[in-house]
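A short write-up of the structure that comes next.
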2 protein chains.
Amino acid sequence: MGTRERKRREFAEREHRFLDAARDQICQDGLLALQMAKVARSCDYATGTLYQHFASKEDLLVAICAEMAQTRVEFFQRVANWKAPTRDKMFALAVADMLFAHRYPEHFRLSQFVFTEVIWEAASPERRRNTLEVCKPMGLIVHDIVAEAVANGDVQDHGRTPLELSIGQWTMTLGMHNLVHAEGVLDLYELKDPYRMMLTQIQLLLNGLQWRPLFDPFDEPAMSEKINHVCNALFGDMCTAKEQR
Amino acid sequence: MGTRERKRREFAEREHRFLDAARDQICQDGLLALQMAKVARSCDYATGTLYQHFASKEDLLVAICAEMAQTRVEFFQRVANWKAPTRDKMFALAVADMLFAHRYPEHFRLSQFVFTEVIWEAASPERRRNTLEVCKPMGLIVHDIVAEAVANGDVQDHGRTPLELSIGQWTMTLGMHNLVHAEGVLDLYELKDPYRMMLTQIQLLLNGLQWRPLFDPFDEPAMSEKINHVCNALFGDMCTAKEQR
DNA sequence: TCATTTTTTGAATCAGGTTCAATATTTGCA
DNA sequence: TGCAAATATTGAACCTGATTCAAAAAATGA
């Protein structure tokens, strides 16, 4: 009998509904206002049932983050499958992240919170393990692009591992997601259009690595075209009218 | 009569003691375990008195962060006053941050948490304003170094403002502080010595900007010497045996 | 010295996360 | 199909810890 299997599937579906409901509530009223009882109620279950799925509120938050990260991995995957010069692929990863941030504005806000000691340590070990597992492919995709570039001669490795070479791009992207959500900080210096600046800086970093072919990111039309190229080639389904500004 | 003045000073001193005690507790038992009542008790005051200074627990956290940021500004200030080529000064900012992170390992962990929507929005507006005010000089110092470099011809501005040019360094540094505190993430890829990698990537970014004089960060002995030079020139009082590894 | 103002106190209040005994549902078997 | 055992759901009670505020203490100043 497929009863065992059906049970498992229904349980997973319910978990998914809880995650969705929680995400909605966060988008609606903010992280601050998220309440376990409300999440359960909004799915027509009692509080206790929610605790069948998540060991604690923190555990739920981490789970939401992991689910979204899954989608982010899919964005990365598109880049990985793209037949294009390695340098363009590296750049496309940054574009992918920009689009992801645009599409799921709450993700990096949540992610910043979740990777905080307070939340992370309060989630179940099992959940943490799973979350890292979900995120891992992003690193592997980057690894493979860099390794391919080194093999091609597009970039020199100077005896470093692929991730050592590319960690600057990783941290720069991460840092920008953070800065964007640090209310008031960018305003302090009247900085506009942060992700556009990020993409420029990524290109500069790639130039610093002497990653061929070099590219001049201060050439605005060329930059816009490069961005649009990635959008059209990989994310045509979601960003048509995005980078025209 | 200087009574009014004395009152004010004593109040400020007490606030400082509260902040110190809270910081100690965080270092001791972690952010998670911080309790308002314990902070008050440890300074021999009642809970209510603590609330004379801080509108909420979040407000206290933001205040700790602001106080530490003050010290970070002092690190930046040393760099600002240093008579050295602009490129070395930019690099020195990153070194300063590395040393700061080493000296106050809890700062960036706390900072990540504090700039989270949940905490930031729960602090009093007055506190937020003050915190941004405290942080502002860091941006101004960076601004001035870049402006000087542009004036010198050490770097081209391509029509960008100083902070637009240098935001990559800012985000890269911020991102690395975050990554270092994201428990398990660096391990996932067996990445060691993150701040050393950060400094390498900062140099690559500066090369990408064509910031003169160019420098090869893959030349390990030259890198070490550069780092030691900054330590000795600016932070001799705190990092003698640090970057020898 | 004492009425008034200011400050401190900590027990009471409150919010919301978490638990768990009671209840309902499902399963497996005769 | 009926029924005992196993499993799942429920939500009110519990608990922790932040926050409040009436009462008490201390400072002020005339």
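All values reported here derive from a predicted model rather than from experimental measurement. In the text below, chain A, chain B and the rest are named by the order of the sequence lines, each starting its count at 1. Atom set for the values below is all heavy atoms of this structure, side chains included, hydrogens, waters and symmetry mates excluded.
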Those residues that, when tested against B:Tyr195, pass side chain to side chain donor-acceptor pair (under 3.5 Å) (two or more places apart): B:His177

By the side-chain hydrogen bond (donor to acceptor under 3.5 Å, both in side chains) test, which pairs, at least two apart or in different chains, include something from residues 128-140 of chain A? A:Glu126-A:Arg129

Starting from P on D:dT20, measure out to CZ on B:Phe54 and report it in whole angstrom. 15 Å

Kindly write out the residues that satisfy side chain to side chain donor-acceptor pair (under 3.5 Å) with A:Ser124, not counting sequence neighbours, or none if the list is empty. A:Asp59

Can you name the ring-ring contact (aromatic ring centres under 6.0 Å, His included) partners of A:Phe54, sequence neighbours left out? none

A:Arg17 CZ to D:dT9 P, straight-line distance once rounded to whole Å: 11 Å

How close do B:Ile119 and B:Phe113 get, heavy atom to heavy atom, and via which atoms? CG1-O, 3.4 Å

In residues 109-126 of chain B, which ones come under 4.0 Å of DNA chain D, going by heavy atoms? none

Where A:Pro137 and A:Val73 come nearest, the two heavy atoms and their spacing: CB-CG1, 4.0 Å

Could you tell me how far apart B:His53 (NE2) and D:dT19 (P) are, to the nearest whole angstrom? 16 Å

Can we say A:Glu13 and A:Arg17 salt-bridge, meaning some charged N sits less than 4.0 Å from an Asp/Glu carboxylate O? no

Heavy-atom pair with the smallest gap, counting every atom of B:Lys57 and B:Leu34: NZ-O, 2.7 Å

For each nucleotide in nucleotides 3-17 of chain C, reading 5' to 3', give B when a protein heavy atom comes within less than 4.0 Å of its base, S when such contact involves only the sugar-phosphate, and - otherwise. -----BBB-----SS

